[in-house]
2 protein chains.
Amino acid sequence: MRSANDEARPPENFVDASSPSTPVRSNLHQRIARDLGERIAAGDPVPGKVLPTEAELCARLAVSRSALREGFRLLAGKGLIASKRKVGTVVRPRTEWNMFDPDVLAWHLAAAPTDGFVTDLFEVRRIIEPWAAALAAQRAEAPTIARIAVAYEDMVRFQGRAEDLLEADLRFHETILEATGNAFLISFGALIESGLRASFKLSWSGSAHTPEYSLRRHRRVWETIRERKAQEAFALMSELLRSAIEDVHDALLSRRLAADEERGVFTDSVKDKGPSGQRQRESRERARQQPASKR
Amino acid sequence: MRSANDEARPPENFVDASSPSTPVRSNLHQRIARDLGERIAAGDPVPGKVLPTEAELCARLAVSRSALREGFRLLAGKGLIASKRKVGTVVRPRTEWNMFDPDVLAWHLAAAPTDGFVTDLFEVRRIIEPWAAALAAQRAEAPTIARIAVAYEDMVRFQGRAEDLLEADLRFHETILEATGNAFLISFGALIESGLRASFKLSWSGSAHTPEYSLRRHRRVWETIRERKAQEAFALMSELLRSAIEDVHDALLSRRLAADEERGVFTDSVKDKGPSGQRQRESRERARQQPASKR
DNA sequence: TCTCATCCTATTGTCCGACAAATAAACCGC
DNA sequence: GCGGTTTATTTGTCGGACAATAGGATGAGA
């Protein structure tokens, strides 16, 4: 029984290798978790509803119950699902999900990168990272400051290659978080990494602002940290993130415009969007749950 | 084989029921994860080292391999461990752990509530919650504000019963986070809940400040949110947390003093601690990894 | 003696089947 | 119509088997 393949099953043909914090050759239960996680993040089984029974999912995904259940545990540990005897495995309400988990963030961005969602993410970054910069200016040890410098210099050197530039950019921000010596802020770095990687893959490789503009801001942040000017580091990091979020919103906007145009629709829902950077606050309630992509 | 019990094994005799975000009647794999998680958080297998093999752990804990592996997945999903064929299951470096996971936080606090750790936690609270209060003042809808009021009034009513007071206190802070509408900030509430619950169980039920003092601060935060005064809400929440961290530090200090005294040691390591609230910044590096309790 | 290829073995990864336990839902007696 | 009982379904745990991988031992050759 269970001959070959039924539907929606990636048994062997996809080596893929696209997930943060999981190695290229991921295990089966990791792939299962990612698969289900992305689907749940997209709202396939809407919160409150139950997933198919383990037996059925085993058949559909063509995996053993052990592997499936281990995948379930990965999701349960992040708050996405909860299983109970006789009732099944239910998708927990979104408020219970651990949004600070890098995987959960990646699944969200892979499945439904809504405006409201990335707005929320950058809002948190704008809350945390300026403080991190200030604390780094106060506490960073010399070698850590040197690593921030290296990251910045790599950004300059890799200006051409977007891939390497992203890596250097990530290292820049993560090293600043490290410099604070705060275990929680260091953890926050993984979230930024996951978020930026996914956003990057989402195709906003470039930016609306010129590369020089962004580089100059990074350089000034680094300099103020080196010179132990906490308040200025705070302000500059705040500025840096403000311009970064504008870039992301522009990218998401053009992305949606392109999608709409190609679909032939051009209704009133997209005609009066301003040039970004301002109306996020007002329209955030409505933009929240509006999927911008497939599925 | 595997007759009765070997060591450090809680097979059936502990019903316990002490873990946040997990129901009272927890499953076996959840208990396994908590058990190993607390031990790892305490540094039993130090990061980089490998755990005993699955076969051995199965024997020691007297559980099946399935249950053990599901527990492993819980831990792996939070970044604590990583398994590889032939090499075993290694404890990942602390920087890779997801400190924003409520369980990870609880395990840390249960196993090794160091000064540096709670300082870090409250530092993050002081970064995030004032902003949350400000955003809540801007965005909260009327019914949400009403729930904040209810939480405050419950705090007043439950002044006597510490348990209920804690619940109301948690609801107060979590509702403010909810009011921001930011998915990430809402997630942060689970962290606060886990942290405060563990701290509470750690015995600082009361506080150095009078209850009235704390209540007055909460009241003023609520009022400014109701009156949409974002800046004042920011400042007041900041103040509230500043006094809260003083309470916690006092509690931890007296806790350690009591432990030292009872042990008979009274060396120079504890004699010149000031009256809290000031020297956290300077001595944080040294206080970081100093266990204050058993094990 | 050093280097490299090969084999061996230990360990996790996955599969399978069985039974236990819980509990929602159907059922039945009153 | 209602409360207690039974049933059926679903997850929870167990035990065993084999596959896959990779570290380490082994041995041959330079």
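Convention: sequence-line order gives letters A, B, ...; per-chain numbering from 1. Below, all heavy atoms of this structure are taken into account, side chains as well, without hydrogens, waters or symmetry copies. Since the structure is predicted, the reported quantities are computational estimates derived from the model, not experimental observations.
Distances shorter than 4.0 Å separate some side-chain N or O of B/H29 from OP1 or OP2 on D/dT13. The phosphate of D/dC14 (OP1 or OP2) has no side-chain N or O of B/R65 nearer than 4.0 angstrom. Using a 4.0 Å cut-off, no side-chain N or O of B/R85 falls inside it from OP1 or OP2 of C/dA10.
Straight-line distance from the CD atom of A/E56 to the P atom of D/dT9: 14 Å, rounded to whole Å. When the P atom of C/dG13 is taken as reference, atom CZ of A/R69 falls 17 Å away, rounded to whole Å. Rounding to whole angstrom units, CG of residue A/L57 and P of C/dC15 are separated by 14 Å. Taking atom NZ of residue A/K86 and atom C1' of nucleotide C/dA21, one finds them 13 Å apart after rounding to whole Å. As a whole-Å value, the separation of B/Q30 CD from D/dG12 P is 8 Å. Taking atom CD1 of B/I32 as the reference point, atom P of D/dC14 lies 7 Å away to the nearest angstrom. A straight line from CD of B/E54 to C1' of C/dT12 spans 5 Å, rounded to a whole angstrom. Atom CG of A/L28 is separated from atom C1' of D/dT21 by 16 Å (rounded to the nearest Å).
In this structure, the nucleotide among C/dC15, C/dG13, C/dT23 sitting nearest to the side chain of A/A67 is C/dC15. Nearest to the side-chain atoms of B/V63 among the listed nucleotides D/dC14, D/dT10, D/dT11 stands D/dC14. Among the nucleotides C/dG13, C/dA22, D/dG23, the one closest to any side-chain atom of B/S83 is C/dG13. In the set C/dG13, D/dT11, D/dC14, D/dC14 carries the atom at the smallest distance from any side-chain atom of B/S66. For A/T53, taking side-chain heavy atoms from C-beta onward, the closest of the listed nucleotides D/dT10, D/dT13, D/dG23 is D/dT10. The side chain of A/S64 has C/dC16 as its nearest neighbour among C/dT23, D/dT13, C/dC16.
Of all the residues in residues 70-79 of chain A, not one reaches under 4.0 Å from DNA chain C with any non-hydrogen atom.
The pair B/E56-B/R60 meets the salt-bridge criterion, since a charged nitrogen lies less than 4.0 angstrom from a carboxylate oxygen. Taking the charged nitrogens against the carboxylate oxygens, A/R39 and A/D35 do have a contact shorter than 4.0 Å, which makes a salt bridge. Contact check on A/R197 versus A/E167 returns a salt bridge, with a Lys/Arg side-chain nitrogen under 4.0 Å from an Asp/Glu carboxylate oxygen.
With sequence neighbours excluded, the residues forming a ring-ring contact (aromatic ring centres under 6.0 Å, His included) with A/H108 are A/W97, A/F117, listed by chain and number.
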Salt bridge (charged side-chain N to carboxylate O under 4.0 Å, His left out) between B/R157 and B/E153: does it pass, once the steps are laid out? CA-CA 6 Å; B/R157 180 168 43 202; B/E153 285 158 10; over 6 Å; no
Take A/D103 and A/K78 through the test salt bridge (charged side-chain N to carboxylate O under 4.0 Å, His left out) and record every step on the way to the result. CA-CA 9 Å; A/D103 291 322; A/K78 302 172 190 301; 3.2 Å; yes
In sequence, state the C-alpha distance, the side-chain angles, and the governing distance for A/I32 and A/F72, and then conclude on side-chain contact (heavy atoms from CB on, under 4.5 Å). CA-CA 8 Å; A/I32 292 172; A/F72 272 11; 5.7 Å; no
